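Report on the following structure.
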Amino acid sequence: MPNETTSSRWLVSTDWLAGRLGATDTVLVDGSFYLPALKRDAKAEYLAGHIPGAVFFDIDAIADHSSDLPHMLPGTTQFSKDVGALGIGQDDTIVIYDGAGLGGAPRVWWTFRIFGAKNVYILDGGLPKWKAEGRPTEAGAVTRTAKTFTAKLNSAMVANVDTVTAALADKSAQIVDARPADRFRGEAPEPRPGLKGGHMPGAFNVPTTTVVQNGRLAPVETLAAAFTAGKVDTSKPVITSCGSGVTAAILWMALDALGREPKALYDGSWSEWGARDDTPVVKE
């Protein structure tokens, strides 16, 4: 990849992508995702207009349907099948973007990485920047020739409720929560019904709004300041968390940009922790 002038090694520019449109070894992926409260339909928006050649990655469809938790990671067999059907091979250069600028794309990027893709990147500024620059879009679904994707899960990068409980108890890793501060403190309701308000005892709060500026990952100095403000020691292991495992991947990108890739991401996040009767919750 070219040396991009961005805060993250995983970001590519709109100029770079424009020069790669149609390249046989480059796969474009729309990874848009929106909470129901935003009343935005990611698939409908994709069909209405997307970067030419992009396929749509539905995080609710390419997920573990045996779980009642939202968009939990699928197994390797399902991921291989679903992604191969999209026409993506594990050796392709994969570029992911979303309609928010930096919203759902990091979760899709993280998912591809933990399943073994090596050359997977995010479009800096996403679809908003692409469109603002007057670059081309197209409507309708894109069908690519199916490929073989042989997924191998790096399970060490995925935290579950037991991992998080242990880390909170022995302080082997800091749990860093990406939710807004008022939800972290239990002052604002959770967007998903039935969840307790508050946070895990001992967790830290670095809202994604502090690391994203105008739909783009903030400069390194701003990222460092955000974690300092959240009292996170970035020299020590971190497990990222959020509402349902999506924006936790934005914190992953931010920490990686600081040269401090997290230990793991809590896949169930607050959708799991806040729904259980046996998980402690505090408000402060």
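What you see is a predicted model, and the numbers here were worked out from it, not measured in a lab.
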- So Arg20 and Thr26, side chain to side chain donor-acceptor pair (under 3.5 Å) or not? Walk me through it. CA-CA 7 Å; Arg20 299 282 297 178; Thr26 301; 2.9 Å; yes
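- Taking 4.5 Å as the limit, some side-chain heavy atom of Ile88 sits within range of a side-chain heavy atom of Ile94.
- Here Lys43 contributes atom NZ and Asp30 contributes atom CG; the two are 10.0 Å apart, rounded to the nearest 0.5 Å.
- Remark: side-chain polar atoms of Lys196 are paired, donor with acceptor, to backbone N or O of Thr279 under 3.5 angstrom.
- Donor-acceptor pairing under 3.5 Å is lacking for the side chains of His50 and Thr137.
- Side-chain atoms of Thr228 come within 3.5 Å of backbone atoms of Ala224 as a donor-acceptor pair (strictly under, hydrogens ignored).
- Judged purely by atom type and a 3.5 angstrom limit, Thr240 has no side-chain atom pairing as donor or acceptor with the backbone of Val176.
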- Query: Yes or no on side chain to side chain donor-acceptor pair (under 3.5 Å) for Ser13 and Asp15, after CA distance, side-chain angles and deciding distance?
  - Reply: CA-CA 5 Å; Ser13 69; Asp15 282 342; 5.2 Å; no
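- Under the 4.5 Å side-chain contact rule for hydrophobic residues, Trp110 and Met72 do not share a cluster.
- A cation-pi arrangement is absent between Arg179 and Phe184 under the rule of less than 6.0 angstrom and at most 45 degrees off the ring axis.
- The main-chain N or O of Trp109 is never found under 3.5 Å from a side-chain atom of Tyr121 such that the two would form a donor-acceptor pair.
- With values rounded to the nearest 0.5 angstrom, Ile62 atom CD1 is found 5.0 Å from Asp82 atom CG.
- Side-chain contact between Leu255 and Phe227 is present, with at least one heavy-atom pair separated by less than 4.5 Å.
- Note that the OG1 atom of Thr234 and the NZ atom of Lys236 stand 11.0 Å from one another [nearest 0.5 Å].
- Arg192 and Ser244 share a side-chain donor-acceptor pair at under 3.5 Å.
- Residue Ala248 comes nearest to Cys242 through the heavy atom pair N-SG, 3.2 Å, listed as atom of the first residue, atom of the second, then distance.
- Under the 4.5 Å side-chain criterion, counting only non-hydrogen atoms from C-beta, Trp10 is not in contact with Leu217.
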- Message: Could you go through Arg183 and Asp177, starting from their C-alpha distance and side-chain angles, then the distance that decides it, and tell me whether this counts as salt bridge (Lys or Arg N to Asp or Glu O under 4.0 Å)?
- Response: CA-CA 10 Å; Arg183 283 170 57 195; Asp177 193 326; over 6 Å; no
- Message: Set out, in order, the CA-CA distance, both residues' side-chain angles and the distance that settles side-chain contact (heavy atoms from CB on, under 4.5 Å) for Val27 and Thr93, then state yes or no.
- Response: CA-CA 6 Å; Val27 184; Thr93 294; over 6 Å; no
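- Both tests do not hold together for Arg107 against Trp252: distance to the six-membered ring centre under 6.0 Å, angle to the ring axis within 45°.
- When all heavy atoms are compared, the tightest approach of Ala156 to Ala264 is O-CB, 3.7 Å.
- Using a 4.5 Å cut-off between side-chain heavy atoms of Ile, Leu, Val, Met, Phe, Trp and Tyr, with links allowed through other members, Leu258 and Met157 fall into the same hydrophobic cluster.
- The side-chain heavy atoms of Leu102 and Met253, taken from C-beta on, include a pair separated by under 4.5 Å.
- For Asp25, the CG atom is densely surrounded, since the number of other residues' heavy atoms within 6.0 Å is greater than 12.
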- Task: For side-chain contact (heavy atoms from CB on, under 4.5 Å), just list the numbers for Val108 and Ile59, CA-CA rounded to whole Å, side-chain angles, deciding distance to a tenth of an Å, and then say yes or no.
- Result: CA-CA 7 Å; Val108 179; Ile59 70 168; 3.7 Å; yes
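- Residues His199 and Phe204 place their aromatic rings such that the two centres sit no closer than 6.0 Å.
- Across all non-hydrogen atoms, the minimal contact from Gly245 to Leu265 is O-CD2, 4.0 Å.
- In this structure a side-chain-to-backbone donor-acceptor pair under 3.5 Å is missing from Ser269 to Ser271.
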- Query: Does the side-chain contact (heavy atoms from CB on, under 4.5 Å) test come out yes or no for Val95 and Val29, once each step is laid out?
  - Reply: CA-CA 6 Å; Val95 179; Val29 178; over 6 Å; no
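- A 4.5 Å side-chain heavy-atom check between Leu28 and Val55 finds every atom pair outside the cut-off.
- Considering every non-hydrogen atom in both Ala139 and Ala48, the closest pair reads CB-O, 3.5 Å.
- Checking side-chain atoms of Gln90 against main-chain N and O of Thr150 turns up a donor-acceptor pair under 3.5 Å.
- In the model, Thr163 has a side-chain atom that pairs as donor or acceptor with a side-chain atom of Asn160 under 3.5 Å.
- Tyr46 places a side-chain N or O within 3.5 Å of a backbone atom of Ala54 that can act as its donor or acceptor partner.
- One N or O on the side chain of Glu138 and one on the backbone of Gly53 form a donor-acceptor pair closer than 3.5 Å.
- Annotation for Asp277: atom CG does not count as buried by contact number, only 12 or fewer foreign heavy atoms lying within 6.0 Å.
- Contact of the Thr14 side chain with the Arg135 side chain is registered, since non-hydrogen atoms from C-beta on lie closer than 4.5 Å.
- Salt bridge status for Lys129 with Asp124: absent, with no side-chain N to carboxylate O gap under 4.0 Å.
- A continuous path of hydrophobic side-chain contacts links Leu47 to Leu127 [ILVMFWY only; heavy atoms under 4.5 Å].
- Val164 belongs to a hydrophobic cluster with Val161, Leu168, Ile175, Leu195, Met200, Ile239, Tyr266, Trp270, Trp273, Val281, counting contacts under 4.5 Å between side-chain heavy atoms of Ile, Leu, Val, Met, Phe, Trp and Tyr, direct or through other members.
- The nearest pair of heavy atoms linking Leu35 to Pro191 is CD1-CG, 4.3 Å.
- A salt bridge between Lys118 and Asp91 is absent, with no side-chain N of the basic residue lying under 4.0 Å from a carboxylate O of the acidic one.
- By the 4.5 Å heavy-atom criterion applied to side chains, Asp98 and Pro106 are counted as neighbours.
- With rounding to the nearest 0.5 angstrom, the CD1 atom of Ile96 is 11.0 Å from the OG atom of Ser32.
- Residues Val206 and Thr210 approach most closely at CG1-OG1, 3.5 Å, considering heavy atoms.
- The CG atom of Leu21 lies 7.5 Å from the CD1 atom of Ile51; values are rounded to the nearest 0.5 Å.
- Annotation for Lys147: atom NZ counts as buried by contact number, over 12 foreign heavy atoms lying within 6.0 Å.
- Phe79 and Phe149 have perpendicular rings, their planes meeting at more than 60° on a 0 to 90° scale where under 30° would count as parallel.
- To the nearest 0.5 Å, atom CG of residue Asp233 and atom CZ of residue Arg260 are 8.0 Å apart.
- Panel note: side chain Asp267, backbone Leu73; a donor-acceptor pair is recorded below 3.5 Å.
- Both Leu17 and Phe56 belong to a common hydrophobic cluster when Ile, Leu, Val, Met, Phe, Trp and Tyr are linked at side-chain heavy-atom distances under 4.5 angstrom.
- A continuous path of Ile, Leu, Val, Met, Phe, Trp and Tyr side chains, each step under 4.5 Å between heavy atoms, connects Val212 with Val220, placing both in one hydrophobic cluster.
- Annotation: side chain of His71 is in contact with side chain of Phe33 (closest heavy-atom distance under 4.5 Å).
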